[in-house]
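Read the numbers this way: they start at 1 and go in the same order the structure lists the ligands and their atoms. Because only heavy atoms are used, hydrogens play no part in the values below, and waters and symmetry mates are left out as well, while side chains stay in.
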Amino acid sequence: MSLLFGTARVNENDHLEIGGCDTTELAEKYGTPLFIYDVAHIREQARGFKQTLDELGVKNKVVYASKAFGCLAMYKLLEEENLGCDVVSGGELYTALKGGMSPANIEFHGNNKLKSELELALDSQIGTIIVDNFYELELLKELTAARDIEQAVMLRVTPGINAETHDYILTGQVDSKFGFDVASGQATKAMEIVTASKGLNLQGIHCHIGSQIFSSEGFLVAVERMIGILKEWKETHEYVAQILNMGGGFGIKYTENDSPLEPKKFVQAIVEAVKGQCSLNDYPLPEIWIEPGRSIVAEAGTTLYTVGAQKVIPEVRHYVAVDGGMGDNIRPALYSAEYTGLLANRISEENKDRVAVVGKYCESGDILIKDIELPELVSGDLFAMTSTGAYGYSMASNYNRNPRSAVVFVEAGQDKLVIRRETYDDLISLDCD
Ligand code: LLP
């Protein structure tokens, strides 16, 4: 069963249309595999988070986790929508700045930020650095002293939560490579160092409990722990936080089997929990920041593939191969992530075959969808895989020296190429002979 989000619809030619553009025409114009982003849908998601927070009457900031998908045009869009962004590398920071993000709206995450990356961040005067460990703290002390500046920072803490998601995308548990552990006292030690450092201004604390989370329970426990830490620091060190950053991780619908809470409900649950815990502990209500990535772009993205070879093994499996695969979407191979899709050029044709949609990479695990019912396919048909907007292009690779796909933004009947397709010359452009 396929899912259509945002402006996606079936047009009068029985083709998939997104953002008022016929996807078969987009395939003709830009080739496939092609990532298509429904810009109106991205805007709607972004505004939804912001509006809900505003309506709840708390000071807030929505910081898009740009690892989900970033490029110049995306950062420009974020700036238009008044969102902040989180970057996790010098490369993302560089792209965000070139894309026109205001430095003050950028926060920098990462468990091993390089000295050169921190230098770029400080020299660009970005809003916040989320400090992850003691090594980074020392580096920042040195670098801010050398520049005689003060940098706003937050501390990433691991509150010890096991949210229900895939192990690789769990991040809030004690045994994690990210952040300062609370239970062993590391977080408190870090707070003492920061508050005693002339060049660092501690704005508050941050946690991110995981990704593709479907319910609010983990967040509620996290809020309780975070306010617990803050209360302790207020009593023992007279430190009062201005900001509580609860991270991202709000789940989305990849298939009919997924039933995440609506984004709005996650936000309401978090804000109500923060208000409740603050009043219970007599703690001044901090600003509440969130960092949604996937929930802003995933459902807005669709990947269009062209069907090529098919292999039918009687009573075993019917393989349908498309012109992309694990190079443009590693998630099925890496996380056993499940997706669905539809035949973009003959949508309402009756499903006849149960097939596996596989990629063209030399790897048996290069299976995009293990089991899906589709109409009888012929080479040249267009298969649209839905909900591919997050961690698809951003995790793309050149495995087998396949060029990376193009990305197009569509809105109100207009299409705009935002990342061009790689060429073979691009592929050898870094080689030295
Ligand atoms: N904030 C922090 C500190 C994070 O580490 C992440 C994601 C986010 C926000 C955004 O989480 P989101 O709202 O997108 O779930 N490649 C994996 C996901 C890795 C997520 C890493 N951190 C995947 O494809 O599922």
Side-chain angles (χ1 to χ4, degrees), residues 42 45-46 48-49 61-70 74 78 83-89 92 106-113 128-133 154-159 161 163-173 176-180 204-216 218-219 222 226 243-254 258 260-263 266-267 270 288-301 303 326 328-339 368 385 387-397:
I42 298 178
Q45 296 301 103
F49 279 117
K61 190 156 176 174
V62 180
V63 183
Y64 167 68
S66 65
K67 73 201 83 171
F69 173 68
M74 184 64 204
L78 296 173
L83 255 60
C85 78
D86 116 33
V87 297
V88 292
S89 69
E92 282 186 358
I106 301 178
E107 60 170 50
F108 193 7
H109 266 292
N111 72 309
N112 190 24
K113 303 178 188 77
T128 311
I129 297 179
I130 317 267
V131 184
D132 206 272
N133 53 68
M154 287 185 222
L155 293 176
R156 175 166 184 170
V157 304
T158 41
I161 312 277
E164 275 174 43
T165 185
H166 192 288
D167 276 357
Y168 289 4
I169 45 183
L170 253 183
T171 44
Q173 76 281 24
S176 162
K177 74 168 184 169
F178 297 105
F180 294 98
I205 55 174
H206 166 281
C207 72
H208 172 75
I209 60 171
S211 217
Q212 184 61 355
I213 294 169
F214 281 5
S215 73
S216 60
F219 288 100
M226 297 295 270
I243 300 167
L244 175 63
N245 187 329
M246 291 303 298
F250 317 123
I252 68 107
K253 238 173 147 53
Y254 285 100
D258 297 329
L261 269 188
E262 275 174 65
F266 275 114
V267 175
I270 290 173
I288 301 175
W289 290 19
I290 53 169
E291 298 171 338
R294 189 190 317 263
S295 49
I296 290 190
V297 287
E299 293 169 357
T303 314
M326 64 191 291
D328 51 78
N329 191 349
I330 189 71
R331 301 193 71 262
L334 193 56
Y335 313 117
S336 307
E338 290 183 1
Y339 285 83
L368 289 171
M385 192 155 140
S387 295
T388 59
Y391 306 107
Y393 190 89
S394 68
M395 294 177 83
S397 79

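Distances below 4.0 Å separate heavy atoms of A65 from the following atoms of ligand 1: 8 (C), 9 (C), 10 (C). Taking every non-hydrogen atom of G293 and a distance limit under 4.0 Å, the qualifying atoms of ligand 1 come out as 12 (P), 13 (O), 14 (O). Interface atoms of ligand 1 facing R331, defined by a heavy-atom separation under 4.0 Å, are 23 (C), 24 (O), 25 (O). Distances below 4.0 Å separate heavy atoms of G249 from the following atoms of ligand 1: 11 (O), 12 (P), 13 (O), 15 (O). Shown in contact with G248 at under 4.0 Å from a heavy atom are these atoms of ligand 1, numbered in order with element: 9 (C), 13 (O). Proximity to H109 (heavy-atom distance under 4.0 Å) selects the following atoms of ligand 1: 3 (C).
Side-chain contact between V131 and F180 is present, with heavy atoms from C-beta onward closer than 4.5 Å. Contact of the F49 side chain with the F266 side chain is not registered, since no non-hydrogen atoms from C-beta on lie closer than 4.5 Å.
Polar contact with ligand 1: absent for H206 (N/O pair, distance under 3.5 Å).
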Pairs under 3.5 angstrom only: tabulate donor-acceptor contacts from the side chains of residues 243-251 to other protein residues two or more places apart or in another chain.
{"from": "N245", "atom 1": "OD1", "to": "G247", "atom 2": "N", "distance (Å)": "3.0"}
{"from": "N245", "atom 1": "ND2", "to": "E107", "atom 2": "OE1", "distance (Å)": "3.3"}
{"from": "N245", "atom 1": "ND2", "to": "E291", "atom 2": "OE2", "distance (Å)": "3.2"}

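Residue contacts with ligand 1: S295 is excluded, as none of its non-hydrogen atoms falls under 4.0 Å. Residue-ligand proximity: P292 is placed with a non-hydrogen atom under 4.0 Å from ligand 1.
Selection from R156, K67, H208, M395 by nearest heavy atom to atom 11 (O) of ligand 1 gives H208. Of the listed options M246, E291, E107, Q212, E291 places a heavy atom closest to atom 2 (C) of ligand 1.
Under 4.0 angstrom from ligand 1, there are no non-hydrogen atoms of F178. Residue contacts with ligand 1 for L334 are absent, since no atom lies close enough (heavy atoms, distance under 4.0 Å).
Listed for the S387 side chain is no donor-acceptor partner under 3.5 Å among the backbone atoms of E299.
Each of L368, N329, V297 was evaluated against T388; a single residue qualifies, N329, per the side chain to side chain contact (heavy atoms under 4.5 Å, CB included) test.
Applying the salt bridge (charged side-chain N to carboxylate O under 4.0 Å, His left out) test to E338 and every residue at least two apart in sequence or in another chain returns nothing.
Aromatic rings from H109 and H208 are positioned such that their centres are separated by 6.0 Å or more.
Remark: R156 qualifies as a cation-pi partner of F178 under the 6.0 Å distance and 45° angle criteria applied to the six-membered ring.
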Please test S216 against L261 for side chain to side chain contact (heavy atoms under 4.5 Å, CB included), starting from the C-alpha separation and ending with a verdict.
CA-CA 8 Å; S216 60; L261 269 188; 3.9 Å; yes

